[in-house]
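Computation of the quantities below employed the complete heavy-atom set of this structure, encompassing side-chain atoms and omitting hydrogens, waters and symmetry-equivalent molecules. Protein chains get the first letters and strands the later ones, always in sequence-line order, with residue 1 at the start of each. Predicted model, so just to flag it, every value in this text is computed and none were measured.
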Number of protein chains: 2
Amino acid sequence: MLSKKTKYGLKALTFLARAEGDAPVQVGTIAKSENIPQKFLEGILLTLRKSGILGSKKGKHGGYYLRQDPSEIKMTDVMRVLEGPIAMVPCVSLNFYEKCDDCPDEHACSVHKLMIMVRDNTLKVLRNNTLADLSNTKS
Amino acid sequence: MLSKKTKYGLKALTFLARAEGDAPVQVGTIAKSENIPQKFLEGILLTLRKSGILGSKKGKHGGYYLRQDPSEIKMTDVMRVLEGPIAMVPCVSLNFYEKCDDCPDEHACSVHKLMIMVRDNTLKVLRNNTLADLSNTKS
DNA sequence: ATTAATCCTACCGTTTTAGTAGGGATTACA
DNA sequence: TGTAATCCCTACTAAAACGGTAGGATTAAT
């Protein structure tokens with residue numbers, strides 16, 4: 001299951017991508033428009049900023065903004081920041097690899113085999129889609 | 001993340017597929033061989049039986065067995081029984097559809113669009129793989 | 001100085017996960 | 001007919017994750 005955190009984060013990013021101009025957008029504005037609890041969204045945007053995807057401006061008239069063009073922001077990066085590993089099992093994760101404690105031989109493991117295939121196909125989708133693709137209102 | 005339940009279930013099914021002959025296999029045998037807590041595995045095999053994937057024989061010399069040839073058992077079915085919906089979001093689930101409570105227009109939702117693509121690619125993998133493919137020791 | 005915003009930490013109730021415990025029902029076999 | 005092995009079922013539990021909320025510190029514009 002996709003967490004609310006990720007879902008809300010994606011919606012917020014889409015909102016920012018669609019927002020014209022480069023003036024920072026306030027959390028409250030996004031929260032209201034996208035039906036997201038404001039305080040919850042605050043934390044989400046904070047982690048997006050810490051990861052380098054968003055920038056922020058403090059104080060009055062402050063807010064958040066994208067640090068790159070939407071077409072440069074890959075879904076793999078966003079998903080890893082918000083949702084964590086893309087692989088469904090740590091033993092097939094590229095960025096968060098971990099050995100299974102059961103499972104004596106990884107290469108003989110049937111789950112391993114299947115999850116590598118799932119991962120590769122998911123990666124293909126997430127690598128081929130940028131925030132610009134999501135923000136596009138057409139189809 | 002794949003739950004332990006699903007992981008253990010897949011391993012158990014693989015074990016059964018590899019077991020020669022049609023004599024039922026006991027939970028204890030599988031548990032020991034695959035490093036799975038026996039009592040936990042008991043429950044998992046029970047749900048697999050209730051879903052129709054496994055059959056069982058009670059009493060002494062009882063155990064579990066596959067009800068179809070491994071090549072007939074699709075990963076989509078197994079995953080839906082053990083892990084639940086394949087889609088990451090209920091609003092793109094084929095078998096477990098549910099409307100989002102936020103999100104006024106599903107078709108305008110960027111998350112929806114992305115998750116449909118992910119789902120379709122995952123489905124492709126799971127539909128094209130049977131238990132026979134998993135059990136195959138080669139590559 | 002006031003106001004409006006981000007930033008940060010801590011907390012909290014609910015649900016899910018990953019089991020464990022204990023026994024009932026059924027069957028093989030001596 | 002008795003006993004051991006096995007599946008079957010319910011209930012319980014500790015720990016983690018999820019989905020927030022609360023309260024205030026900090027920073028910047030006016």
Side-chain angles (χ1 to χ4, degrees), chain A residues 1-12 16 23-32 34-67 82-85 88-90 96 98 100-103, chain B residues 1-12 16 23-32 34-67 82-85 88-90 96 98 100-103:
Chain A
M1 274 294 150
L2 200 72
S3 65
K4 295 273 186 185
K5 183 178 172 187
T6 303
K7 191 184 176 192
Y8 293 160
L10 285 170
K11 285 193 170 194
L16 285 171
V25 180
Q26 291 86 357
V27 175
T29 307
I30 305 175
K32 215 168 289 177
E34 299 293 328
N35 301 308
I36 303 170
Q38 173 157 352
K39 270 296 197 179
F40 193 19
L41 183 57
E42 243 179 57
I44 297 169
L45 297 187
L46 217 44
T47 71
L48 284 169
R49 196 219 56 188
K50 283 178 184 165
S51 80
I53 292 173
L54 291 182
S56 68
K57 183 159 176 282
K58 287 189 204 169
K60 199 168 185 177
H61 297 174
Y64 289 93
Y65 52 90
L66 299 172
R67 297 197 49 191
L82 293 174
E83 191 74 6
M88 296 188 78
V89 164
F96 302 82
E98 234 174 291
C100 299
D101 38 358
D102 57 313
C103 219
Chain B
M1 273 294 150
L2 202 71
S3 65
K4 295 272 186 185
K5 182 179 173 187
T6 303
K7 190 185 177 193
Y8 292 160
L10 285 171
K11 285 193 170 193
L16 285 171
V25 180
Q26 292 85 358
V27 175
T29 308
I30 306 175
K32 214 167 290 177
E34 299 292 330
N35 301 307
I36 303 171
Q38 173 157 353
K39 271 295 199 180
F40 192 20
L41 182 56
E42 245 180 56
I44 297 169
L45 297 187
L46 217 44
T47 72
L48 284 169
R49 197 219 56 189
K50 283 178 184 165
S51 81
I53 293 173
L54 290 183
S56 69
K57 185 161 176 280
K58 287 188 203 170
K60 202 169 183 176
H61 297 175
Y64 289 94
Y65 52 90
L66 298 172
R67 298 196 51 188
L82 292 173
E83 190 74 6
M88 295 188 79
V89 164
F96 303 84
E98 235 174 290
C100 299
D101 38 358
D102 56 313
C103 217

Colleague: Among the nucleotides C/dG19, D/dC9, D/dG20, which one has an atom lying closest to any side-chain atom of B/Lys50?
Modeller: D/dC9
Colleague: For B/Met1 and D/dC18, give me the distance from atom CE to atom C1', rounded to whole Å.
Modeller: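 About 15 Å, once rounded to whole Å.
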Colleague: Between C/dG13 atom P and A/Phe40 atom CZ, what is the distance in whole Å?
Modeller: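 Atom CZ in A/Phe40 sits about 17 Å away from atom P in C/dG13.
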Colleague: Under 4.0 Å between any heavy atoms, over every strand shown, what does A/Lys7 touch: base, sugar-phosphate, or nothing? Just pick one.
Modeller: nothing
Colleague: Can you measure B/Gln38 atom CD to D/dC8 atom C1' for me and round it to whole angstrom units?
Modeller: 13 Å
Colleague: Name all residues meeting the side-chain contact (heavy atoms from CB on, under 4.5 Å) criterion together with B/Lys4; count only those two or more places apart in sequence or in a different chain, and write none if there are none.
Modeller: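 Once residues adjacent in sequence are excluded, the partners of B/Lys4 under the side-chain contact (heavy atoms from CB on, under 4.5 Å) criterion are A/Asp101, B/Tyr8, B/Phe40.
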Colleague: What is the per-nucleotide protein-contact pattern of nucleotides 23-30 of chain D, from the 5' end, where B denotes a base atom under 4.0 Å from a protein heavy atom, S denotes such proximity for sugar-phosphate atoms only, and - denotes neither?
Modeller: BB--BBBS
Colleague: Can you tell me how far P of C/dT17 sits from CG of B/Leu82, to the nearest Å?
Modeller: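 Rounded to whole Å, this separation is 12 Å.
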Colleague: Rounded to whole angstroms, how far apart are CG on B/Asn35 and C1' on C/dG19?
Modeller: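 The distance from CG of B/Asn35 to C1' of C/dG19 comes to 16 Å, rounded to the nearest Å.
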Colleague: Set out, in order, the CA-CA distance, both residues' side-chain angles and the distance that settles side-chain contact (heavy atoms from CB on, under 4.5 Å) for A/Thr6 and B/Met88, then state yes or no.
Modeller: CA-CA 11 Å; A/Thr6 303; B/Met88 295 188 79; over 6 Å; no
Colleague: Of B/Lys5 and A/Val27, whose closest DNA chain C nucleotide lies nearer the 5' terminus?
Modeller: A/Val27
Colleague: From the list D/dC9, C/dC7, C/dG19, which nucleotide is the closest neighbour of the side chain of B/Leu46?
Modeller: D/dC9
Colleague: Any chance you could measure A/Ile53, atom CD1, to A/Thr47, atom OG1, to the nearest 0.5 Å?
Modeller: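 So the gap between those two atoms works out to 8.5 Å.
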Colleague: Look up atom CD1 in A/Ile44 and atom CD1 in A/Ile30, then write down how far apart they are to the nearest 0.5 Å.
Modeller: 10.5 Å
Colleague: Find the distance between NZ (B/Lys7) and CD1 (B/Ile36) and round it off to the nearest 0.5 Å.
Modeller: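 If I round to the nearest 0.5 Å, the distance is 9.0 Å.
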Colleague: Atom OH of A/Tyr8 to atom P of D/dC18: distance rounded to whole Å?
Modeller: 14 Å
Colleague: Who pairs with B/Lys50 by salt bridge (charged side-chain N to carboxylate O under 4.0 Å, His left out), at least two apart in sequence or on another chain?
Modeller: none
Colleague: State whether A/Ser3 places a side-chain N or O below 4.0 Å from either non-bridging phosphate oxygen (OP1 or OP2) of D/dA17.
Modeller: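 It does not, given that no N or O in the side chain of A/Ser3 lies less than 4.0 Å from OP1 or OP2 of D/dA17.
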Colleague: Hey, are the side chains of A/Lys11 and B/Asp102 touching, using non-hydrogen atoms and a 4.5 Å cut-off?
Modeller: yes
Colleague: Provide, to the nearest angstrom, the distance between the CZ atom belonging to B/Arg49 and the P atom belonging to D/dT6.
Modeller: 18 Å
Colleague: Using whole Å, what does the distance between atom C1' of nucleotide D/dC7 and atom OH of B/Tyr65 come to?
Modeller: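 Roughly 12 Å, once rounded to whole Å.
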Colleague: Which is true for A/Gly28 with a 4.0 Å heavy-atom rule: it touches a base, it touches only sugar-phosphate, or it touches nothing?
Modeller: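 Answer is nothing: A/Gly28 stays at 4.0 Å or more from every strand.
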Colleague: For C/dC7, take OP1 and OP2 only and decide whether either is under 4.0 Å from a side-chain N or O of A/Ser56.
Modeller: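 Yes, because at least one side-chain N or O of A/Ser56 sits under 4.0 Å from OP1 or OP2 of C/dC7.
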